[in-house]
Protein chains: 2
Amino acid sequence: MRPTVNDIAREAGVSLATVDRVLNARPGVREKTVQAVNDAIARLGYVRDLTAANLARSRTYRIAAVLPDTESQFIQSLAAALQEAGQAAATSRTELRLHRFPAEDPHALAALLADLPGKGYAGVALMAPETPVLRDAVRSLRAKGVPVVALVSDLPTTGRDHFVGIDNRAAGRTAGVLMGRFLGNAGQVLVLGSSLLARDMVERRRGFDEVMLRDFPGVEALPSLETHGSSRLLRQAVAERLANTPGIRGIYAMGDGHRALTQVLDEIGQSGKLILICHELTLHSRQALQSGEITAVITQNLGHLARSTLRVLRAKADSQPLDEGQEQIRIEIVLRENLPLTADSETTTASDAA
Amino acid sequence: MRPTVNDIAREAGVSLATVDRVLNARPGVREKTVQAVNDAIARLGYVRDLTAANLARSRTYRIAAVLPDTESQFIQSLAAALQEAGQAAATSRTELRLHRFPAEDPHALAALLADLPGKGYAGVALMAPETPVLRDAVRSLRAKGVPVVALVSDLPTTGRDHFVGIDNRAAGRTAGVLMGRFLGNAGQVLVLGSSLLARDMVERRRGFDEVMLRDFPGVEALPSLETHGSSRLLRQAVAERLANTPGIRGIYAMGDGHRALTQVLDEIGQSGKLILICHELTLHSRQALQSGEITAVITQNLGHLARSTLRVLRAKADSQPLDEGQEQIRIEIVLRENLPLTADSETTTASDAA
DNA sequence: GCATTTTTGAGGAACGTACCTCAAAATGCG
DNA sequence: CGCATTTTGAGGTACGTTCCTCAAAAATGC
């Protein structure tokens, strides 16, 4: 049988009340007694039963996930993964609520965040561009004791408690090696990004160039083409570039918009002829991998991301330490050959089925 | 406030006892009443509070992990990862005990397994070769109601409840694409495996060949060289082959023994000149990746593996459904550029620090 | 309609911890 | 030493569920 608080009390020769005071760091216990209790704890190898503790505390965790209201397949998948993780966590006294904000309106976002503490939220997960208004809003949240984690794209200047996502610079480097090696260190590479204002895009580009310069002098990475999430812009620009620059043998797509990209390649008869490396495994990129239109996808496991978010926020809310290893989100390389069968990490969830 | 069993009783117009009978599928309730209760549950959106339930049940999970007593760095790491996951799970009424068996003695293993049910184990995780003796032992365990999961190498014929590990065929395919592409579809490849009796080795080889035949006709994959875990054998064989077969431009090492391999390559002056693809990220393979001696490592996250093992066994012990997505172990591709900083998935744990 | 069986209700104890109150004991100080 | 103050003890209730008993009520068969 595992030792309980009563066993500690007996072992330490003190009362249950005192043990409780020590365990929960309540005041009014002599240093000497604290020691005696801690010794007994160590001797018995006591570990607090968290299930009982949470029950007694009737602790519940209401958590807010705040995402832009973009239509992108990636955001949809992220939302679905969060919902799913929330469902699964319902049995452990955790409740997740999804909030959307107008993608281009930092003030609406700030207002939304300001409203959260009053509603009894134990933590907030946030994916948003790092504006000054946001910075203040996050600081104010944290000042009120509500932990905040940044999702997917980091927000270092806001002083967020944690970042849940991949190291985008390393992701860019990974794309770089794959591209360099697959091209055999020769040829030009077209680089596409949704916006050079987003931190993740900048970091990916930096990582990509780093590897290219160091290891693949034979490859020329062209300046980034910004698509601003517009598929028309993307198709036009890509078609034009490929026509004008015959040396292009690879494309590195740092942002979303796989669909428009594979479409335009198909139209101009280049489908499957270029090395194409993208980010994020979605329903579409999965198909394109399978058909050989996309060579490799750099991705992160959204299921893991969502579960990690909940775990981290719960831990922060209780100011408990994290299991760093478990919370590190891996940079996954997906080729046709190691395409996961289904589910989880991915984008094929409820929202797609509908 | 979340609804409780009492709320259901009120809502359904029955007593608490009846609600309990329905919730726990106890007999003696009319179909009509069951329906009424289920309706109330649905109407209120009740979700059982597992923490309270486990507390009331005073359910604890004693789990055995059974591994061969091999010295290999991989097994050591796996053991460390399991220990660590066990530590972390201690707060949730889970206790993990590690058992070792003599690697070459199936009967000792069977005896060990036969002894477990008496000791109150709620589940067993097992990594072992698939012998007839083992098959019977596992079946007998399961017949006694003890769930069994296979670790790392599957045991399909034993009727194990679950397999925790990667799809080794897909892992071989992944190694294949990387090799084929990195070689630019030309040259010969030396393939090393510890033993062709181990199921994982066979599956990796099969996957590797599959891709080679289909996608890289220019590459010739030589017959597997068995090393039987002996580094002397490995060094001799590799040196000889490389000397006799100048067309070899890549090596695919399906098993362990990275250290001996990189050493012999260094000795014959081939270090870093060949494309070298291995399995399992260990302390040594990590260093070799960093120095460029190894090109790519196909690996699985041991931290994830260990945590998944515990989750699966707990679920099986309670005959609850699994979150398939969460339990799928990914095939990870590690290059120098996406080498995780530290910890977890890996081999740099307590045992190494000691 | 009666006896028999099945279904239901009421209540309580338990799991291990948190948190509260009030009184008793120990300690520190002048 | 006596006083005020700090520290400790004893006991209780609560969290939401499980699991038990015993009696009462309802349904069933003949």
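A, B, ... follow the sequence lines: proteins, then strands. Residue 1 opens every chain. Bear in mind the structure is a predicted one, so any value in this text is a computation, not a measurement.
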Subject >> Atom-to-atom span, CG of B:L55 to C1' of D:dT18 - whole angstrom >> reply: 10 Å
Subject >> Atom-pair distance (CG on B:D7; P on D:dC15), nearest Å >> reply: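 About 12 Å, once rounded to whole Å.
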**OP:** Mind listing the closest non-hydrogen atom pair of B:A306 and B:A81 along with its distance?
**Re:** CB-O, 3.5 Å
Original post:
Of all heavy-atom pairs between A:G86 and A:L96, which one has the smallest distance, and what is that distance?
Top reply: CA-CB, 4.0 Å
Subject >> Contact boundaries on DNA chain C for chain B, cut-off under 4.0 Å to non-hydrogen atoms >> reply: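 Reading along DNA chain C, I get C:dT7 to C:dG16.
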Would you indicate whether the side-chain heavy atoms of [Y] and [X] approach each other to under 4.5 Å?
X	Y	result
A:N301	B:R330	yes
A:L116	A:V146	no
B:F101	B:H99	no

Subject >> Set of side-chain hydrogen bond (donor to acceptor under 3.5 Å, both in side chains) partners for B:R142, sequence neighbours left out >> reply: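 By the side-chain hydrogen bond (donor to acceptor under 3.5 Å, both in side chains) rule, B:R142 matches B:D161.
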Original post:
Which base, if any, makes a Watson-Crick or G-U wobble pair with D:dG9, both distances under 3.5 Å?
Top reply: C:dC22
Original post:
In residues 8-29 of chain A, which residues come under 4.0 Å of DNA chain D by heavy atom?
Top reply: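 Those residues whose heavy atoms fall under 4.0 Å from DNA chain D, taken from residues 8-29 of chain A in numerical order, are A:G13, A:V14, A:S15, A:A17, A:T18, A:R21, A:G28, A:V29.
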Subject >> Residues from residues 36-51 of chain A lying under 4.0 Å of DNA chain D - heavy atoms >> reply: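 Those residues whose heavy atoms fall under 4.0 Å from DNA chain D, taken from residues 36-51 of chain A, amount to none.
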Original post:
Does B:R57 come within less than 4.0 Å of B:D318, counting only side-chain N to carboxylate O?
Top reply: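 Salt bridge between B:R57 and B:D318, a charged N being under 4.0 Å from a carboxylate O: no.
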Subject >> SB check B:R160 B:D154 (cutoff 4.0 Å) >> reply: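 Salt bridge: yes.
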**OP:** Ignoring hydrogens and angles, state whether a donor on the side chain of B:T157 or B:E130 is under 3.5 Å from an acceptor on the partner side chain.
**Re:**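 Side chains of B:T157 and B:E130: pair found under 3.5 Å.
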Original post:
Who pairs with A:A89 by side chain to side chain contact (heavy atoms under 4.5 Å, CB included), at least two apart in sequence or on another chain?
Top reply: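 Result, side chain to side chain contact (heavy atoms under 4.5 Å, CB included) vs A:A89: A:T94, A:L310, A:R314.
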Subject >> Test salt bridge (charged side-chain N to carboxylate O under 4.0 Å, His left out) applied to A:R10 - qualifying residues, sequence neighbours left out >> reply: A:D7
Subject >> First of B:A52 and B:K32 reached from the 5' end of DNA chain C, by closest nucleotide >> reply: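 Between the two, 5'-proximity favours B:K32.
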Original post:
What is the nucleic acid contact for B:R93, judged by heavy atoms within less than 4.0 Å: base, sugar-phosphate only, or nothing?
Top reply: sugar-phosphate
